[in-house]
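Here's the structure we're looking at; comments come further down.
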Amino acid sequence: MSAHLGAPPSSPPPVPALECQDLSRSFGATRALNGFTMSLPPGEVIALVGPNGSGKTTLLLILSGLLAPDSGWARIGGVDPVERPFEVHSFVGWMPDFFGTYDDLTSLEYLELFGAAYKMPAAQSTRRARELLSLVRLSDKSSSPVHTLSRGQKQKLGFARTLVHSPRILLLDEPASGLDPRARIELRDLVRRQRDEGVTVVVSSHILTELEEMSDHVAFVDAGQCRGVHPLSLLPHGGAARRYKIRALNDVETPLRAAGVVFERISPDRVVIETINDESAADILARLTSQGVRVIEMTPVGGGLEGAFLAMEQGDRA
Ligand SMILES: Nc1ncnc2c1ncn2[C@@H]1O[C@H](COP(=O)(O)OP(=O)(O)OP(=O)(O)O)[C@@H](O)[C@H]1O
Ligand SMILES: [Mg+2]
């Protein structure tokens, strides 16, 4: 005979999902969100990708019940964050892009404090804090004051903090900023593990290649609007041409221009070139190096998230 004991607090919800309709929010004359409409599938990792100032943080603040929109509505896990913010806080884990740390506390005490804030009894809060330190591989730092942790370790502690109350939806705002490659891989694995346990994860970042590895869907955000949600496997491509990102230690643009190669600058030391096939790309690389360009990276970006992001930006300029 089995007794029904009720669902444990960490059990997944029936239908976790996010939805918003015509959300608008201004700060003075700035329209941070301008009729933002989006619906996200449950139980997946969704990348929120968009340029600086496009409204990602504003959206995440509204979804987590910390900021009210001027108009429009949102539902997270079926709950309206404006009407029932405390209920939203009970099942949503929010990791801000910047969070203060209580520097005099040890890592363990820091997590225990959040357990207490969620009204956990002291013993349970300590147990959960130890469990999370182990999950993010910081057990050896449990007695270390938070201020002695490295930046990456602080980020991991911040991630652990968002998990204290076993949320079923995670909203992570630029969680990987400032992390070295190894720490990013660890974070990616932690996010995937949450997803595998049925948690819906929305993650914003500018590190596109890393989002590509951890995400199932991508939602493009631009000028306060959602420009589409795509399964990662079905991303729109940037066109028929082969595209390569080139990173160089010195000027690459002058030789490219002289050779009549179509290119676009994406940062001071990076360009994206367009060629007709791999042979032509190899020829361009040989030409650049023979002319003294110190190329340190050349990678195809014709498909996937980075290609789609660049395509979106190009579409906007057209
Ligand atoms: N508290 C605020 N006061 C005034 N303006 C704000 C405030 N919060 C956001 N904004 C403005 O709203 C717009 C959207 O900001 P938001 O932080 O949502 O963008 P973002 O997509 O998160 O950018 P980033 O990628 O740089 O983090 C920006 O123009 C920003 O300057
Ligand atoms: Mg932001």
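Atoms within a ligand are numbered from 1 in the order they appear, just like the ligands themselves.
Aromatic rings of Y118 and F114 (six-membered ring for Trp) have centroids beyond the 6.0 Å cut-off, not under it.
Listed by chain and number, the residues in a side-chain contact (heavy atoms from CB on, under 4.5 Å) with T37 are Q21, D22 (sequence neighbours excluded).
Both tests pass for R168 against the ring of F91: distance under 6.0 Å to the centre and angle within 45° of the axis. For the pair R265 and F263, the cation-pi test (distance below 6.0 Å, angle within 45°) is failed.
Other residues sharing the hydrophobic cluster of L249, ordered by chain and number and joined by side-chain separations under 4.5 Å: I296.
Residues in residues 132-146 take part in no side-chain hydrogen bond (donor to acceptor under 3.5 Å, both in side chains) pair, two or more places apart or across chains.
Considering backbone and side-chain N/O of T57, one or more are found under 3.5 Å from N/O of ligand 1. Checked against a 3.5 angstrom limit, the closest N/O atoms of S54 and ligand 1 fall inside it. When only interatomic distances are considered, the shortest N/O to N/O separation between G55 and ligand 1 falls below 3.5 Å. Looking at F27 next to ligand 1, no N or O pair under 3.5 Å apart turns up.
For atom 18 (O) of ligand 1, the choice among L61, I62, T58 with the nearest heavy atom turns out to be T58.
Using a 4.5 Å cut-off on side-chain heavy atoms (C-beta onward), P96 and T57 make no contact.
Excluding waters, the set of protein N/O/S atoms under 2.8 Å from the Mg ion (ligand 2) reads T57 OG1.
With no hydrogens or angles considered, a side-chain donor-acceptor pair links E112 and T126 at under 3.5 Å.
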